[in-house]
Colleague: 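This is the structure I want to talk about, given as structure tokens.
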Amino acid sequence: MSVDHSCVRFHEVCVKSLREKLRQHAGFSLLEVVIASAASTVLVAGLASAIFIASETLDVESGSLATANETNRVIEQINHDLHSAVTISELTNTSVTMTVPDRDGDTVPETIRYYWSGVAGSDLDHTYNGKTEKIAEKVQSFSLAWATRLIEGTTSLPIILFVSGQYADGDGGLGTPTAAEQDRIDLMEGWGYDVTVISQEATQAEFDTELAEATVVYVSGQCNAGTLSTKLNDAAIGVVTESHAHAATLGFYVSLTAYVASQATIEIVNDTHYITQGFAQGELTVSTADLSTKWTNSTLAPDAATIADFSSVLQFPTLLILDAGDELADSSAAAGRRCQLPWGESSFDVTTLNTDGLTIMQRALEWGAGAGDDTETPEAGIVFEEFTEQIEGSNTDTITIDTPPGVANGDLLIAALVTDGEETLSPAASGWTELYMLSDDDEKMTLGVWWRLAGSSEPSNYTFDWGSSEQAYGWIMRFTGHNPANPINDDATSEGKSSSAATSAVTTTEDNCMILRIGGFDDDDINVDDAGMTDHTTITCDESGGGSSSCSGAAAYQIQSSAGSSGTADFTITKSEEYRTITIAIEPDPSP
């Protein structure tokens with residue numbers, strides 16, 4: 001029997017210094033996190049954010065654990081201990097050692113370790129104060145995945161205002177949830193969240209009072225959208241709703257036509273959002289049994305984003321999000337984050353959700369409470385990502401420029417190199433396509449530009465050389481969202497001597513091309529970091545050094561929404577100097 005109930009996911013805490021370290025060292029396989037006792041009172045609520053057991057399985061050989069409930073018991077035990085942890089001294093994919101507060105009255109913290117050898121068929125062991133016992137036999141796989149996302153600003157677990165579909169009980173508008181709603185509440189409290197229940201019938205004033213104490217709202221599918229009405233529309237905190245009709249009230253739909261069908265899967269279409277990160281695009285099983293899954297072919301609000309469809313056949317939204325400030329169906333702006341879950345309604349049984357379904361539900365709550373980046377979907381079209389540069393202020397005949405650190409297979413790399421004097425520039429490595437390489441008529445400076453598509457394994461740097469010793473300035477830019485088959489739509493060059501270094505127009509054949517303008521100039525007569533190009537974003541503007549033996553270069557870009565002529569534009573330099581420029585139209589991916 002293969003049981004897929006082992007994913008217990010823990011919550012993100014903001015520890016800025018750790019966050020910065022993780023940016024530099026993503027993907028730790030072993031991380032020791034030791035937190036001093038004095039700090040533990042501050043961090044204990046979010047300590048579980050240091051770990052999550054996510055998107056993995058505790059896969060046990062048939063007969064080793066009698067039921068899925070027994071598997072859940074093991075995972076709940078690990079969950080409980082981690083939520084109680086004061087320090088964590090060991091964390092790998094297959095083991096964790098922690099201390100928890102005194103449990104036997106001797107005032108000494110208890111030491112607990114969970115360990116699996118990583119060999120399929122071996123036992124999962126539990127050690128308590130040095131005494132070891134097995135808690136699962138013949139384990140086929142088990143993973144404790146290090147969570148590299150630490151969310152700045154999230155210092156505690158979500159505080160949930162749970163909106164029940166039951167009538168008010170006369171006690172300040174608070175209602176008594178149904179048994180099915182209580183299952184949801186029990187689950188959230190099992191994740192360590194504080195939950196307050198409010199009836200859909202509560203007054204706006206009662207809602208406002210409770211909203212002031214919460215960090216995210218969860219709306220039961222048993223709520224009546226007409227009764228709940230717009231009481232949550234102005235909530236500045238996140239709202240996660242199970243109700244299609246309530247999602248319409250929140251502004252997801254221009255008009256609503258909702259459908260419900262019974263199935264156990266959804267189709268992930270965005271695997272970069274916080275809620276779905278780690279799940280591959282495509283069909284995802286979220287339940288151990290068919291459940292009522294919602295979908296719609298309604299017209300969405302302008303900024304409503306779909307992160308999962310009903311299916312690959314019926315490609316209609318089922319899991320949707322709006323970020324704070326996004327445009328709603330009535331053209332107003334969302335007061336806070338909003339999420340419509342793909343399940344809910346009155347017959348929904350939360351206990352049927354499997355590991356992945358529970359992960360989506362939990363992440364939706366965490367995202368609503370502020371976890372994850374503000375931008376819910378990757379930026380569409382061509383994106384300038386980063387650049388690296390190298391300044392050679394002394395005469396030399398070679399330059400080595402670091403490869404942009406975030407480079408990935410298929411990224412577009414464009415290298416530019418400016419030298420003082422007339423030179424023949426060339427990359428030392430193969431694979432670069434020359435776009436432009438020319439010196440000015442007076443032998444004052446030379447500009448070379450090349451492009452390549454990154455491979456699966458790029459070198460750490462690239463070297464370019466020329467004939468004689470000169471000062472030089474070079475840089476490599478990284479772009480994404482380009483047409484992988486034909487990234488360069490058009491290019492054109494210009495040359496002259498002026499304090500306005502002109503760039504030529506290109507004629508694009510596709511909408512939304514990026515117009516990239518690159519210039520090389522004699523001497524150091526520039527404004528560093530300001531290309532001085534109207535309606536463009538500066539990538540770089542820098543110099544090799546000072547004086548008449550120096551050179552300088554710049555790059556800037558804009559997005560051209562419609563195909564046709566890009567028009568001309570000028571780099572601003574502070575003195576009339578010789579220059580060479582090239583305008584490059586980068587074509588967007590036709591099927592991003």
Colleague: Is it true that the side chains of Asn527 and Thr572 contain a donor and an acceptor less than 3.5 Å apart?
Modeller: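 Asn527 vs Thr572: no donor-acceptor pair found between side chains.
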
Colleague: Side chain of Arg580, backbone of Thr493: donor and acceptor closer than 3.5 Å?
Modeller: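 Flag not set: sc Arg580 to bb Thr493 has no pair under 3.5 Å.
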
Colleague: Would Tyr473 and Glu389 count as having a side-chain donor-acceptor pair, cut-off 3.5 Å?
Modeller: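 Looking only at side-chain atoms, Glu389 and Tyr473 do form a donor-acceptor pair, the distance falling under 3.5 Å.
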
Colleague: Of Thr509, Asn483, Thr508, which meets side chain to side chain donor-acceptor pair (under 3.5 Å) against Asn489?
Modeller: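 Exactly one option meets the side chain to side chain donor-acceptor pair (under 3.5 Å) with Asn489, and it is Thr509.
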
Colleague: Is the shortest heavy-atom distance from the side chain of Trp466 to the side chain of Thr424 under 4.5 Å?
Modeller: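 A side-chain contact under 4.5 Å is absent here.
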
Colleague: Is there a side-chain hydrogen bond (donor to acceptor under 3.5 Å, both in side chains) between Tyr274 and Glu366 once you walk through the steps?
Modeller: CA-CA 9 Å; Tyr274 181 88; Glu366 292 179 349; 2.6 Å; yes

Colleague: Would you say that Leu412 contacts Ile586 through its side chain, given a criterion of any heavy-atom pair below 4.5 Å between the two side chains?
Modeller: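 Side chain of Leu412 against side chain of Ile586, heavy atoms only: contact under 4.5 Å found.
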
Colleague: Please check if the distance between the ring centroids of Trp450 and Tyr436 is under 6.0 Å.
Modeller: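 No; Tyr436 has its ring centre 6.0 Å or more from that of Trp450.
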
Colleague: Cation-pi between Arg452 and Phe479: NZ/CZ under 6.0 Å from ring centre and within 45° of the ring axis?
Modeller: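 Arg452 over Phe479 ring: no.
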
Colleague: Between Ile476 and Phe387, is there a side-chain heavy-atom distance shorter than 4.5 Å?
Modeller: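 No; the side chains remain at least 4.5 Å from each other.
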
Colleague: Measure from the side-chain N and O atoms of Thr503 to the backbone N and O of Asp570, and report whether any donor-acceptor pair falls under 3.5 Å.
Modeller: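 Checked: no pair found.
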
Colleague: Verify whether one side chain among Thr540 and Asp529 offers a donor that lies under 3.5 Å from an acceptor in the other.
Modeller: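 Not at all, the side chains of Thr540 and Asp529 share no donor-acceptor pair under 3.5 Å.
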
Colleague: Are the side chain of Asp303 and the backbone N or O of Asp326 linked by a donor-acceptor pair below 3.5 Å?
Modeller: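 No, because the side chain of Asp303 does not come within donor-acceptor range (under 3.5 Å) of the backbone of Asp326.
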
Colleague: Is it true that the side chains of Ser544 and Gln471 contain a donor and an acceptor less than 3.5 Å apart?
Modeller: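 Looking only at side-chain atoms, Gln471 and Ser544 do form a donor-acceptor pair, the distance falling under 3.5 Å.
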
Colleague: Has the side chain of Ser566 got a donor or acceptor atom that lies under 3.5 Å from a matching backbone atom of Val506?
Modeller: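 At least one qualifying donor-acceptor pair exists.
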
Colleague: Side chain of Thr534, backbone of Ala569: donor and acceptor closer than 3.5 Å?
Modeller: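 Not at all, since once roles are kept as given, no pair shorter than 3.5 Å links the two residues.
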
Colleague: Could you tell me if Glu423 and Ser468 have a donor-acceptor pair between their side chains, going purely by distance under 3.5 Å?
Modeller: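 Yes, side-chain donor-acceptor contact under 3.5 Å.
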
Colleague: Can any side-chain N or O of Asp465 pair as donor or acceptor with the backbone N or O of Thr398 at less than 3.5 Å?
Modeller: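 The answer is no, because no donor-acceptor pair under 3.5 Å joins these two groups.
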
Colleague: Measuring only between side-chain heavy atoms, which start at C-beta, is Trp451 closer than 4.5 Å to Leu435?
Modeller: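 Touching, per the 4.5 Å side-chain cut-off.
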
Colleague: Answer yes if the side chains of Thr480 and Glu385 hold a donor-acceptor pair under 3.5 Å, and no otherwise.
Modeller: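 Indeed, the side chains of Thr480 and Glu385 share at least one donor-acceptor pair under 3.5 Å.
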
Colleague: Is it the case that the side chains of Thr463 and Thr400 hold a donor-acceptor pair, with the cut-off being a distance below 3.5 Å and no angle test?
Modeller: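 Their side chains do contain a donor-acceptor pair, which is all the 3.5 Å distance test asks for.
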
Colleague: Do Asp589 and Ile382 come close enough that some side-chain heavy atom pair is under 4.5 Å?
Modeller: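 No; the side chains remain at least 4.5 Å from each other.
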
Colleague: Okay, side chain of Asp490, backbone of Thr507: is any donor-acceptor separation there less than 3.5 Å?
Modeller: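 Flag set: sc Asp490 to bb Thr507 pair under 3.5 Å.
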
Colleague: In sequence, state the C-alpha distance, the side-chain angles, and the governing distance for Tyr557 and Phe384, and then conclude on side-chain contact (heavy atoms from CB on, under 4.5 Å).
Modeller: CA-CA 9 Å; Tyr557 70 91; Phe384 163 68; 3.9 Å; yes

Colleague: Do Leu319 and Cys339 pass the side-chain contact (heavy atoms from CB on, under 4.5 Å) test, and can you show the C-alpha distance, the side-chain angles, and the key distance before you say yes or no?
Modeller: CA-CA 7 Å; Leu319 176 58; Cys339 175; 4.0 Å; yes

Colleague: Between Gln277 and Thr272, is there a side-chain donor-acceptor contact under 3.5 Å, judged purely by atom types and distance?
Modeller: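 No, because no side-chain N or O of Thr272 sits under 3.5 Å from a partner of the opposite role on Gln277.
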
Colleague: Starting from the C-alpha separation in whole Å, work towards a yes-or-no answer on side-chain contact (heavy atoms from CB on, under 4.5 Å) for Glu283 and Ile266.
Modeller: CA-CA 6 Å; Glu283 185 176 271; Ile266 59 175; over 6 Å; no

Colleague: Taking side chain as C-beta onward, heavy atoms only, is Ser95 less than 4.5 Å from Trp116?
Modeller: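 Not touching, per the 4.5 Å side-chain cut-off.
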
Colleague: Between the main-chain N or O of Ala531 and the side-chain N or O of Thr538, is there a donor-acceptor pair closer than 3.5 Å?
Modeller: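 Indeed, once roles are kept as given, a pair shorter than 3.5 Å links the two residues.
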
Colleague: So, Arg337 side chain and Leu322 main chain: donor-acceptor pair closer than 3.5 Å or not?
Modeller: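 No; zero donor-acceptor contacts below 3.5 Å.
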
Colleague: Keeping Thr215 on the side-chain end and Pro158 on the backbone end, is there a donor-acceptor pair under 3.5 Å?
Modeller: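 No; judged by distance alone, with no hydrogens or angles, the pair does not exist.
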
